[in-house]
Amino acid sequence: MALAMYMDTQGMKPRYLKLGADGQLKKDYIGAAELFGCNPLDDDTKYVFEAPFKPFLPYCFDETKVPKVDAMVESNSTGQVYSGFEIKLTAIPDESTYKLTDNEYGSELVIRFPSITYLACSIAHLYKDDHKALKMFFGKGFGNVSSYVEAAQVNTVLPQIYKILNDLIKANTNRQKPALIQPIWKTEGKKAVLHQNCLDIFVWSELAFTKLFLKEAIDTVANSTRDITRPQRAVIQLFFMLNDYAIRGRIDFADIQNKLTYGPKNDKAFSVNGRITNALMSCDELTKPRITKDQIKNIILGGGEKFLSPERRFDATVAATPELFE
């Protein structure tokens, strides 16, 4: 969040990934005020981290399970919520791209189940004043999720699921808004050494975010005996969350996560590697991030770096101590 504000003072805008009317990913720019929904440096602007996103309360079956966001921006005096975001701090290059050239570098993105619930609420929020319009996409609904707990049961309706989601997404390209902030930090290959040009920010709209897994899920041809892939599971869970809201006016996140697993239960929805993200994010800012490592002292202020307590990893420690093997 501080990086976005610092970039704003330097006349730089984060890259904004959103969908065009044709459903294709478009690259634009977005200023900090538009991103946060307010003046980010105003004395009344308050930043809250890892907190329930209050505007999503009306969509939750269990009011104690309101999806949390990584960062929420609100008014300190009135409590008005301006915006909320998932934040994914990612390193480039990743394991799949470090041997390639700079313009082919990409970052791995790991998406967990809470991000899917946040995405579902973000799309439901577009219909907060017109619930009937959302219901039209789903018709009479697809019934209880208990009817789709096996791969063979859900594979038969996957083509319908893809079509409905695609139609829903294309119908809202003029109403999309920022949902996921992805700062990137670039290193010298795989070394734990910052590149001279090391920091920048990409922002995904809630609709552009679906490009990370919807296309991969569609590209995997489904049949009655095929196992459900992680991207397909994310699509199925997102679909039934929105189906839940369209039919019942509330979303039972826990029920959907517990029943639509198609394998071992965990909170990892899916991941995409750097080759995939590079294809979606490729631009000058990805090849050469605009903020240099010399500017970090202007972003982390007042001795803030002394409060950082990085996770200690054995593999990182061994890799950083090559003399152990001399």
Side-chain angles (χ1 to χ4, degrees), residues 19 22-25 59 61 67 96 108-124 127 134-172 204 206-273 275-277 279-280:
L19 293 190
D22 58 358
Q24 297 302 307
L25 198 68
Y59 317 122
F61 181 79
S96 72
E108 182 186 37
L109 266 173
V110 178
I111 305 300
R112 303 197 178 278
F113 182 78
S115 295
I116 304 301
T117 66
Y118 176 74
L119 175 59
C121 286
S122 294
I123 296 176
Y127 291 90
L134 177 63
K135 196 170 183 178
M136 290 178 62
F137 285 94
F138 294 87
K140 294 182 180 180
F142 280 66
N144 193 288
V145 295
S146 297
S147 300
Y148 302 96
V149 296
E150 301 293 337
Q153 296 171 309
V154 75
N155 268 319
T156 59
V157 297
L158 275 179
Q160 293 170 266
I161 286 175
Y162 296 148
K163 184 180 187 308
I164 290 172
L165 279 181
N166 273 313
D167 290 345
L168 179 60
I169 288 166
K170 286 184 178 181
N172 287 285
W204 299 74
E206 74 276 77
L207 301 187
F209 178 77
T210 64
K211 282 289 186 181
L212 289 170
F213 59 100
L214 186 55
K215 184 180 185 303
E216 185 178 344
I218 293 174
D219 287 347
T220 305
V221 179
N223 59 50
S224 59
T225 59
R226 185 180 294 276
D227 291 337
I228 298 297
T229 65
R230 284 183 184 271
Q232 285 179 328
R233 182 179 65 180
V235 168
I236 293 164
Q237 291 177 340
L238 172 63
F239 175 83
F240 278 101
M241 288 177 195
L242 292 171
N243 179 71
D244 218 12
Y245 179 63
I247 304 307
R248 299 198 296 170
R250 299 271 177 159
I251 304 173
D252 192 339
F253 303 112
D255 187 53
I256 290 170
Q257 183 183 20
N258 289 333
K259 291 179 179 177
L260 304 182
T261 59
Y262 310 108
K265 291 184 180 181
N266 56 62
D267 72 341
K268 181 179 178 180
F270 65 93
S271 63
V272 290
N273 66 32
R275 292 177 182 267
I276 295 174
T277 59
L280 296 171

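Note that CG of Leu134 and OH of Tyr245 are 7.0 Å apart. Values are rounded to the nearest 0.5 Å. Note that CD1 of Ile161 and CG of Leu242 are 11.0 Å apart. Values are rounded to the nearest 0.5 Å. For the atom pair CZ of Phe209 and CG of Leu109, the computed distance is 8.0 Å after rounding to the nearest 0.5 Å. To the nearest 0.5 Å, the span separating CZ on Phe113 from CZ on Arg233 amounts to 9.5 Å. Once rounded to the nearest 0.5 Å, the distance linking CE of Met136 with CG of Leu168 reads 12.0 Å. For the atom pair CD1 (Ile169) and CD1 (Ile123), the distance works out to 6.0 Å, reported to the nearest 0.5 Å.
Taking all atoms of both residues into account, the shortest heavy-atom contact from Ala151 to Ile228 is CB-CG1, 3.8 Å. The two residues Ser96 and Arg275 come nearest to each other via the heavy atoms O-NE, 3.3 Å.
A donor-acceptor contact shorter than 3.5 Å links the side chain of Gln237 to the backbone of Leu260. At distances below 3.5 Å, at least one donor-acceptor pair connects side-chain atoms of Gln153 with backbone N or O atoms of Glu150. For Asp244 (side chain) and Asp252 (main-chain N/O), a donor-acceptor pair under 3.5 Å exists by modelled atom type. In terms of modelled atom types and a separation under 3.5 Å, the side chain of Arg112 and the main chain of Phe270 share no donor-acceptor contact.
Pairs passing the salt bridge (Lys or Arg N to Asp or Glu O under 4.0 Å) check and including a residue from residues 160-169, sequence neighbours excluded, read Lys163-Asp167.
The number of heavy atoms from other shown groups lying within 6.0 Å of CZ (Phe138) is above 12.
A ring-centre distance under 6.0 Å is not found for Phe61 and Phe253.
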